[in-house]
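Below is one structure, written out as structure tokens; comments come after it.
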Amino acid sequence: MKILDYILKFGFMYMISICMLTVMGPWLIETGNTSIISKDRFENVVELTLDNAFDSDKYLKVSTVSEKNNKYEVNFYMPEGGHKKVLAILIEKKMIKEPDSLVLPVSIGSKDLKQFVDSKVHGESGQLVALKVDNQYLIGKNPSIIKRLIFYFFGGVTMIVGFLSLIFTSVVMVDNIKIYKEKGSFPDLPNSVESKLNGIKYLFGGFKSDKKKDS
């Protein structure tokens, strides 16, 4: 049982340490990096279309065509108000009518979009992630510096803990191997599998003895 205990415990510790060092930590740091939408990930918009989604007047579909002929779209549940910035800027530029008299679908071409200094879109797999005009986000936004720093901090801490855990596990394993060479047996590990089984047997035996006393 002791050999099995060693294999299980050291195998588990190595697995967790390596996972923290090479997977979890880097993933957190990469998440902080990829959450930033860099300028080169945006494309110029040549067409912007507003339409009802799901055949319902409570849903608004905003779709775009970029200069690279990529098409992106996103749906909004209008009572939640996520679409208001888009409508507000288009009404301000008199590209569309007020919502009460707006008839959908409405398509705004590159000629009208030239009223903006620039209009850019970023999408992934056909999903519109961010839309901005004149450097103002209408849909989506870049995460705050604090949010990115949190990802970086926890990513770094996770990697450090994983590295220290890997060293600690290796040191303990080497020490135990030395003890085995000197004494011919491994030292007991705390909370071993064997002790857990004995504890379960003890509890089970205790419940049995209690039942006998009651009877």
Side-chain angles (χ1 to χ4, degrees), residues 19 21-159:
C19 182
L21 180 61
T22 63
V23 180
M24 293 175 61
W27 176 78
L28 286 168
I29 293 173
E30 182 63 21
T31 299
N33 287 331
T34 55
S35 62
I36 304 171
I37 307 175
S38 58
K39 291 182 180 180
D40 58 358
R41 296 168 69 186
F42 279 93
E43 306 170 46
N44 291 323
V45 180
V46 295
E47 185 178 351
L48 173 65
T49 302
L50 307 178
D51 198 0
N52 290 323
F54 312 119
D55 295 323
S56 171
D57 57 4
K58 290 186 177 181
Y59 289 88
L60 178 71
K61 178 170 69 176
V62 179
S63 55
T64 62
V65 179
S66 73
E67 62 181 354
K68 296 180 181 179
N69 203 34
N70 292 322
K71 298 179 180 180
Y72 306 111
E73 63 181 44
V74 64
N75 298 319
F76 292 100
Y77 180 54
M78 295 176 72
E80 293 180 351
H83 65 294
K84 287 185 176 179
K85 284 186 179 181
V86 178
L87 294 187
I89 193 73
L90 296 179
I91 292 170
E92 180 185 333
K93 295 292 184 178
K94 298 182 179 179
M95 295 182 185
I96 62 173
K97 297 179 179 180
E98 294 288 340
D100 294 340
S101 54
L102 180 62
V103 178
L104 299 176
V106 173
S107 183
I108 301 167
S110 57
K111 183 178 179 180
D112 290 325
L113 290 172
K114 286 181 180 178
Q115 292 186 50
F116 302 113
V117 175
D118 61 17
S119 52
K120 296 183 178 293
V121 64
H122 167 65
E124 297 175 1
S125 303
Q127 180 73 15
L128 198 160
V129 176
L131 174 67
K132 63 179 184 177
V133 296
D134 297 344
N135 212 32
Q136 174 189 354
Y137 278 90
L138 304 181
I139 298 174
K141 62 179 180 179
N142 262 331
S144 66
I145 294 177
I146 294 176
K147 185 176 181 179
R148 298 204 301 269
L149 288 176
I150 289 173
F151 276 112
Y152 297 150
F153 173 76
F154 282 106
V157 169
T158 301
M159 292 177 70

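Computed from a predicted model, the values in this text were never measured in an experiment.
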Quick check: closest heavy atoms across [X] and [Y], and the distance to 0.1 Å?
{"X": "E43", "Y": "N70", "value": "OE1-ND2, 3.0 Å"}
{"X": "P79", "Y": "K58", "value": "CD-O, 3.7 Å"}
{"X": "L138", "Y": "V133", "value": "CD1-CG2, 3.8 Å"}
{"X": "P99", "Y": "I91", "value": "CD-CD1, 3.6 Å"}
{"X": "F76", "Y": "G82", "value": "CE2-O, 3.5 Å"}
{"X": "F54", "Y": "N75", "value": "CZ-ND2, 3.4 Å"}

Item to check | Chi angles and distances behind the side chain to side chain contact (heavy atoms under 4.5 Å, CB included) call for V45, V65 | outcome: CA-CA 6 Å; V45 180; V65 179; over 6 Å; no
Checklist entry - Are the side chain of S66 and the backbone N or O of K68 linked by a donor-acceptor pair below 3.5 Å? => result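 Yes, the answer is positive, given that a donor and an acceptor are paired below the 3.5 Å cut-off.
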Checklist entry - Is a side-chain N or O of T31 found less than 3.5 angstrom from the main chain of W27, in a donor-acceptor match? => result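 Yes: the side chain of T31 pairs with the backbone of W27.
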What's the separation between atom [atom1] in [X] and atom [atom2] in [Y], rounded to the nearest 0.5 Å?
{"X": "L102", "Y": "L50", "atom1": "CG", "atom2": "CG", "value": "7.0 Å"}
{"X": "L104", "Y": "N52", "atom1": "CG", "atom2": "CG", "value": "5.0 Å"}
{"X": "L131", "Y": "Y72", "atom1": "CG", "atom2": "OH", "value": "12.5 Å"}
{"X": "K147", "Y": "Y152", "atom1": "NZ", "atom2": "OH", "value": "12.0 Å"}
{"X": "M159", "Y": "M24", "atom1": "CE", "atom2": "CE", "value": "12.0 Å"}
{"X": "L48", "Y": "T64", "atom1": "CG", "atom2": "OG1", "value": "7.0 Å"}

Checklist entry - Is it the case that S63 and E73 place a side-chain donor and acceptor less than 3.5 Å from each other? => result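 The criterion, which ignores hydrogens and geometry beyond distance, is not satisfied for E73 and S63.
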Next on the checklist: Tell me whether F153 at atom CZ has more than 12 heavy atoms from other residues, nucleotides or ligands lying less than 6.0 Å away.
Outcome noted: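 Open.
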Next on the checklist: side chain to side chain contact (heavy atoms under 4.5 Å, CB included), that's the test. Do V129 and V74 meet it? Break it down for me.
Outcome noted: CA-CA 8 Å; V129 176; V74 64; over 6 Å; no
Checklist entry - Can you list the residues that meet the side chain to side chain contact (heavy atoms under 4.5 Å, CB included) rule with S107, with sequence neighbours excluded? => result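 Residues passing side chain to side chain contact (heavy atoms under 4.5 Å, CB included) with S107: E47, T49.
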Next on the checklist: Could you go through V106 and M95, starting from their C-alpha distance and side-chain angles, then the distance that decides it, and tell me whether this counts as side chain to side chain contact (heavy atoms under 4.5 Å, CB included)?
Outcome noted: CA-CA 9 Å; V106 173; M95 295 182 185; over 6 Å; no
Checklist entry - Does K132 count as lying over the ring of F42, i.e. NZ or CZ under 6.0 Å from the six-ring centre, within 45 degrees of the axis? => result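 Positive - K132 is close enough to the ring of F42 and near enough to its axis.
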Checklist entry - Using 30° and 60° as the class limits, which term best fits the ring planes of Y59 and Y77: parallel, tilted or perpendicular? => result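 Taking Y77 first and then Y59, their aromatic rings sit tilted (interplane angle of 30° to 60°).
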Using distance only, find each side-chain donor-acceptor pair of residues 109-122 under 3.5 Å and give its atom names and separation, not counting sequence neighbours.
{"from": "D118", "atom 1": "OD1", "to": "D134", "atom 2": "N", "distance (Å)": "3.0"}
{"from": "K120", "atom 1": "NZ", "to": "N44", "atom 2": "OD1", "distance (Å)": "2.6"}
{"from": "H122", "atom 1": "ND1", "to": "R41", "atom 2": "O", "distance (Å)": "3.1"}
{"from": "H122", "atom 1": "NE2", "to": "E124", "atom 2": "OE2", "distance (Å)": "3.3"}

